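Structure record follows, encoded as structure tokens.
Everything numeric in this text was worked out from a predicted model, so none of it was measured.
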Amino acid sequence: NPYKGIVCDRHTPEHTGYEEELYKDIEEQFFKPLDGLSCGILLDLEREHANTVKLFSKEYKLNEKHEVWAKFILGLIVRMPDKVGFIKEYCGNAGMTEEDALKRIPEIISNPNTINDLRKLKWISSDIQSNVPLLTCDNPLIFKPNNLRSPSCVIILPLGPHHFFLATSEGNLP
């Protein structure tokens, strides 16, 4: 049984690991609108992929809507508690308050150079050919080696049980 030892159960936030007010007002002012826009783009990506499923994978020609998707991906990287903690510590060492550090998060995610670095990667949507669905968690994004400019950079994000998004440098493709 491939699911041996895996327990699926729903829990409220009180019963999971989370940090209250991790981003304070940034959640409502920045992440919520970004997540809303990204939801529409995700639906577009899924629809486009469904129309090309016979090809197994599809490489995307990037347009304006993909800038929002790039911000969403960068947001997934930056909004994790360890990264938020790093930002607070880094900015604190530079004499900034925690509140000012948190206000920098949208600037970090929206940095045109970083968005451009992500958009330079090859973007692919693909299916897995397996009876075992993709398993996800609170932090489903894989980003290695934590450097968008690295020749070995790879970003993988499950989009569904048999569908994922991949961004990688040209040299990592067969």
Side-chain angles (χ1 to χ4, degrees), residues 11-45 59-126 134-160 164-173:
H11 293 283
T12 62
E14 293 82 29
H15 298 99
T16 62
Y18 75 102
E19 189 172 327
E20 264 189 61
E21 297 189 21
L22 179 62
Y23 335 103
K24 302 204 188 259
D25 296 336
I26 305 301
E27 178 65 37
E28 284 295 316
Q29 296 170 358
F30 182 75
F31 284 123
K32 190 174 182 177
L34 178 61
D35 291 349
L37 291 170
S38 299
C39 181
I41 292 169
L42 173 61
L43 293 173
D44 289 347
L45 291 173
E59 181 180 324
Y60 290 98
K61 303 290 185 227
L62 302 183
N63 59 36
E64 300 78 35
K65 73 178 179 183
H66 294 107
E67 182 171 337
V68 173
W69 186 251
K71 286 181 184 179
F72 176 73
I73 297 293
L74 294 170
L76 289 176
I77 294 168
V78 172
R79 73 201 300 181
M80 291 296 109
D82 63 323
K83 300 291 191 287
V84 172
F86 174 81
I87 293 166
K88 288 178 183 178
E89 182 180 334
Y90 181 84
C91 291
N93 291 340
M96 296 175 73
T97 66
E98 184 175 293
E99 190 173 319
D100 288 337
L102 290 173
K103 288 179 182 175
R104 300 286 315 265
I105 291 175
E107 295 172 26
I108 293 167
I109 293 169
S110 300
N111 181 295
N113 294 325
T114 308
I115 290 170
N116 191 40
D117 288 342
L118 179 54
R119 291 184 69 173
K120 284 181 182 175
L121 299 174
K122 286 287 185 186
W123 288 18
I124 297 171
S125 174
S126 190
L134 293 169
L135 185 64
T136 189
C137 61
D138 290 344
N139 184 7
L141 185 92
I142 297 169
F143 174 43
K144 299 290 179 187
N146 283 334
N147 180 350
L148 291 171
R149 293 183 179 173
S150 169
S152 60
C153 180
V154 64
I155 296 171
I156 304 170
L157 177 65
L159 300 176
F164 65 91
F165 169 81
L166 168 73
T168 189
S169 52
E170 190 87 37
N172 290 335
L173 297 172

Q: Dump the intermediate steps for side chain to side chain contact (heavy atoms under 4.5 Å, CB included) on Phe164 and Ile142, then the final yes or no.
A: CA-CA 11 Å; Phe164 65 91; Ile142 297 169; over 6 Å; no
Q) Closest approach of Pro33 and Glu28, non-hydrogen atoms and distance? A) CD-O, 3.4 Å
Q) Of all residues at least two apart in sequence or in a different chain, which pass the side-chain contact (heavy atoms from CB on, under 4.5 Å) check with Thr114? A) Leu74, Asn111, Leu148
Q: Only counting residues at least two apart or in another chain, list the ones meeting side-chain contact (heavy atoms from CB on, under 4.5 Å) with Glu99.
A: Thr97, Lys103
Q) Are any non-hydrogen side-chain atoms of Phe31 and Val78 less than 4.5 angstrom apart? A) no
Q) Heavy-atom distance under 4.5 Å between the side chains of Asn147 and Cys153, does that happen here? A) no
**Q.** Closest non-hydrogen atom pair between Ala101 and Met96, with its separation
**A.** N-CE, 4.1 Å
Q | Gap between atom CD of Glu67 and atom CG of Asn116 - 0.5 Å precision | A | 9.5 Å
(Q) Could you report the tightest heavy-atom contact between His66 and Trp123, atom names first, then the distance? (A) O-CH2, 3.2 Å
Q: Measure the OG-CG distance between Ser38 and Leu76 for me, rounded to the nearest 0.5 Å.
A: 8.0 Å
Q.
Could you tell me if the side chain of Ile115 sits less than 4.5 Å from the side chain of Lys71, heavy atoms only?
A. yes
Q: List for me each residue that meets ring pair (Phe, Tyr, Trp, His ring centres under 6.0 Å) alongside Phe143, sequence neighbours excluded, and say none if there are none.
A: none
(Q) Nearest 0.5 Å, please: how far is NZ in Lys83 from CD1 in Ile105? (A) 12.5 Å
Q) Which heavy atom of Ser169 sits nearest a heavy atom of Ser150, and at what distance? A) OG-O, 4.0 Å
Q) Considering only heavy atoms from C-beta outward, does the side chain of Phe165 approach that of Ile73 to under 4.5 Å? A) yes
Q: Could you grab the distance from atom CG of Asn113 to atom CG of Leu118, nearest 0.5 Å is fine?
A: 13.0 Å
Q: Using atom types as modelled and distance alone, determine if a side-chain donor or acceptor of Thr168 lies under 3.5 Å from a backbone N or O of Val154.
A: no
Q) Got a second to check how far Ile77's CD1 is from Asn146's CG, nearest 0.5 Å? A) 7.5 Å
**Q.** Ser152 vs Lys144, side chain to side chain contact (heavy atoms under 4.5 Å, CB included): CA-CA, chis, key distance, verdict
**A.** CA-CA 8 Å; Ser152 60; Lys144 299 290 179 187; over 6 Å; no
Q. Taking it one step at a time, do Leu42 and Trp69 satisfy side chain to side chain contact (heavy atoms under 4.5 Å, CB included)?
A. CA-CA 8 Å; Leu42 173 61; Trp69 186 251; 3.9 Å; yes
(Q) Are Asp25 and Leu102 packed together at the side-chain level, in the sense that at least one heavy-atom pair is separated by less than 4.5 angstrom? (A) no
(Q) Within the structure provided, determine whether Arg149 and Lys120 are in side-chain contact (heavy-atom separation under 4.5 Å). (A) no
